[in-house]
2 protein chains.
Amino acid sequence: MKSPSHPRDRGIPEATVARLPLYLRALHGMAERGVATVSSEDLAVAAGVNSAKLRKDLSHLGSYGTRGVGYDVEYLVYQISRELGLTQDWAVAIVGVGNLGRALAGYGGFVSRGFRIAAVFDADPEVVGDDIAGLNVEHIDELEAVIERRGVSIVVLATPAAAAQEVCDRVVAAGVTSILNFAPVVLTVPDGVDVRKVDLSIELQILAFHEQRKAGGPLMAVDSQ
Amino acid sequence: MKSPSHPRDRGIPEATVARLPLYLRALHGMAERGVATVSSEDLAVAAGVNSAKLRKDLSHLGSYGTRGVGYDVEYLVYQISRELGLTQDWAVAIVGVGNLGRALAGYGGFVSRGFRIAAVFDADPEVVGDDIAGLNVEHIDELEAVIERRGVSIVVLATPAAAAQEVCDRVVAAGVTSILNFAPVVLTVPDGVDVRKVDLSIELQILAFHEQRKAGGPLMAVDSQ
DNA sequence: ATCCTTTTGTGAACCGATGCACAAAGTCAC
DNA sequence: GTGACTTTGTGCATCGGTTCACAAAAGGAT
Ligand SMILES: NC(=O)c1ccc[n+]([C@@H]2O[C@H](COP(=O)([O-])OP(=O)(O)OC[C@H]3O[C@@H](n4cnc5c(N)ncnc54)[C@H](O)[C@@H]3O)[C@@H](O)[C@H]2O)c1
Ligand SMILES: NC(=O)c1ccc[n+]([C@@H]2O[C@H](COP(=O)([O-])OP(=O)(O)OC[C@H]3O[C@@H](n4cnc5c(N)ncnc54)[C@H](O)[C@@H]3O)[C@@H](O)[C@H]2O)c1
């Protein structure tokens, strides 16, 4: 029922992977509004990208569109979800239950995408044992045991910068190979471990750079997102 | 005292701009430890990048190194800060004082880089008037007036997705041209307005994709940060 | 003054990503 | 069935960014 050549090619470009969640979000919105099929043009607008880029991105997953018609919304949601690995659900642990860790633990937007907060850890005895968004805060000493017991495969680091590398080393030693880091440090990890970082301070600095340019000379190029 | 050709070229590559804050962070650490000069190799390691890339990045700002020696740490800190616009300080407003907005408002890492939280807004009458990290929560009706009065030039959006576009339109109308968006929506803005987005859910989905690959076939390429 | 060592700054090859533009493939009306 | 119309999938030119590799520059030793 599918063409024989490359039904699902290994090796999707990184830039494409980073956009798939965007398409997925737009598609979910459409599915909710009862839209059955969508053209690359309309979906591209909803996701804020160029339609040729969108088509090329989707072509890496397979030929799921119908010429003259567009893409079946439900079917595409399924294909993208499967490609991203969202058909299973992922046990996530958060380490560091401070300002940020609390906000993350209480956030509903993760669960709705198949990410289940399976554990939260902290080193502060004042915090350990507290109930955060329905979860008991575990002591950091339990890190390895709890990760193993609950099958945690993704760890979110929300500790102070000074503790991040040490915690990172421990979670890696415990077998975790996917880390989302909020601490403003460059983490050193062995090959095979993925680290993604979110640094709000860097984002503000980039905005400041462009803002300064706008204020300064009347020669500038802007926008992006 | 400087070469005549292009002492400070306009048009620094976007990829370079995104890394300058990283170099700055590493340099601050070195300055604190009393390091006076640093080679591109050492700084590159501290920032987690390739040294040729670092040198090319710095060369866009000017020729601030000394062959055979390296870069003067203090001087380079100053040059990068100036380029990024961090020699002035920036008034930032946060809109939406929920889980995330609170964490951001209380975060010290912004102030230390020249970003001053000048105002926080919310629509919920329960929250308006509260004291958050020493700031009085303003009603969203005051948005335009307060932005103008306090010279706010960067706005952080931490409202629910449904409210984000409307708030965005209002801050843009009030003259703001730099926005950091945490809401999971594609914002539409006029030319000349910079939007940067932070989407934690997307980061997790990208990690899940790679995690799935690792678990699946024994043919994979990983790491990055 | 000359040589040797170190390290910068950059030319050039390379690589991945973008976007145009169009043939191929499908739908729909009649 | 035929023809007009729509929209996908992709070849190709282009672009921005990365990395290699080295000549030029600086400093220190003798
Ligand atoms: N709050 C923000 O908006 C924000 C923004 C950008 C970056 N960050 C970064 O995120 C991280 C957390 O920020 P925060 O504001 O929540 O800080 P925080 O100080 O409020 O919380 C840190 C928590 O980590 C715990 N902790 C310390 N050492 C630990 C260890 N070894 N193991 C486990 N837990 C440990 C502390 O007990 C504390 O509860 C920091 O690195 C910060 O730079 C925060
Ligand atoms: N909490 C997280 O960890 C997290 C993670 C990723 C993304 N986000 C996104 O960040 C945003 C905020 O998340 P949150 O968890 O803080 O949500 P929240 O519901 O706790 O807070 C939202 C706040 O915005 C206020 N608000 C609503 N409409 C407003 C308006 N028109 N003007 C001003 N204020 C208004 C609400 O009163 C509330 O205080 C959401 O879009 C969410 O999807 C949050």
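First the proteins, then the strands, lettered A, B, ... as listed; each starts at 1.
Taking the side chain of B:Pro13 as heavy atoms from C-beta on, and the options C:dG19, D:dC20, D:dG17, the nearest nucleotide is D:dG17.
Comparing the helix axis at one end of the helix from C:dA1-D:dT30 to C:dC30-D:dG1 with that at the other, each defined from 5 consecutive pairs, gives an inter-axis angle of 10° (nearest 10°).
Distance, A:Leu54 CG to C:dC20 P: 14 Å, rounded to whole Å. We find that CZ of A:Arg19 is positioned 8 Å from P of C:dA17, with the value rounded to whole Å. A:Asn50 places its CG atom 13 Å from the P atom of D:dT8, with the value rounded to the nearest Å. Rounding to whole angstrom units, CG of residue A:Leu61 and C1' of D:dT10 are separated by 15 Å. Summarising the geometry, the separation between CD1 on A:Ile12 and P on C:dA17 is reported as 12 Å, rounded to the nearest angstrom. We find that CG of A:Asp57 is positioned 13 Å from C1' of D:dT10, with the value rounded to whole Å. Rounded to a whole Å, the CD atom of A:Glu14 is 22 Å from the P atom of D:dG16. Summarising the geometry, the separation between CG on A:Leu43 and P on D:dT7 is reported as 14 Å, rounded to the nearest angstrom.
Of the charged side-chain nitrogens involved, at least one lies within less than 4.0 Å of a carboxylate oxygen, so that A:Glu83 and B:Arg213 count as a salt-bridged pair.
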Expected rows: protein N/O vs nucleotides 2-9 of chain C N/O, under 3.5 Å:
residue: C:dT7; atom: O4'; partner: B:Gly68; partner atom: N; Å: 3.0
residue: C:dT8; atom: OP1; partner: B:Ser40; partner atom: N; Å: 2.5
residue: C:dT8; atom: OP2; partner: B:Ser40; partner atom: OG; Å: 2.5
residue: C:dT8; atom: O2; partner: B:Arg67; partner atom: NH1; Å: 2.9
residue: C:dG9; atom: OP1; partner: B:Gly65; partner atom: N; Å: 3.1
residue: C:dG9; atom: OP2; partner: B:Tyr71; partner atom: OH; Å: 2.7
residue: C:dG9; atom: O4'; partner: B:Arg67; partner atom: NH2; Å: 3.0
residue: C:dG9; atom: N7; partner: B:Arg55; partner atom: NE; Å: 2.8
residue: C:dG9; atom: O6; partner: B:Arg55; partner atom: NH2; Å: 3.1

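Panel note: side chain B:Arg25, backbone A:Pro184; a donor-acceptor pair is recorded below 3.5 Å.
Note: B:Ile94 CD1 to B:Ile117 CD1 = 4.0 Å, rounded to the nearest 0.5 Å.
Heavy atoms of A:Ala15 sit under 4.0 angstrom from primed sugar atoms or phosphate atoms, though from no base atom.
Side-chain contact check for A:Val198 versus A:Asn181: every heavy-atom pair is 4.5 Å or farther apart.
Shown here is A:Gln88, whose CD atom has more than 12 heavy atoms of other residues, nucleotides or ligands within 6.0 Å.
A donor and an acceptor atom, one from each side chain of B:Glu41 and B:Ser51, are located under 3.5 Å apart. In the model, A:Arg113 has no side-chain atom that pairs as donor or acceptor with a side-chain atom of B:Ser201 under 3.5 Å.
Judged by atom type and distance alone, A:Lys56 reaches the base of C:dG19 through a side-chain donor-acceptor pair under 3.5 Å.
Partners of A:Thr16 according to the side-chain hydrogen bond (donor to acceptor under 3.5 Å, both in side chains) rule, which considers only residues two or more places apart in sequence or in another chain, are A:Asp57.
In this structure, B:Tyr78 has its ring center no closer than 6.0 Å to that of B:Tyr75.
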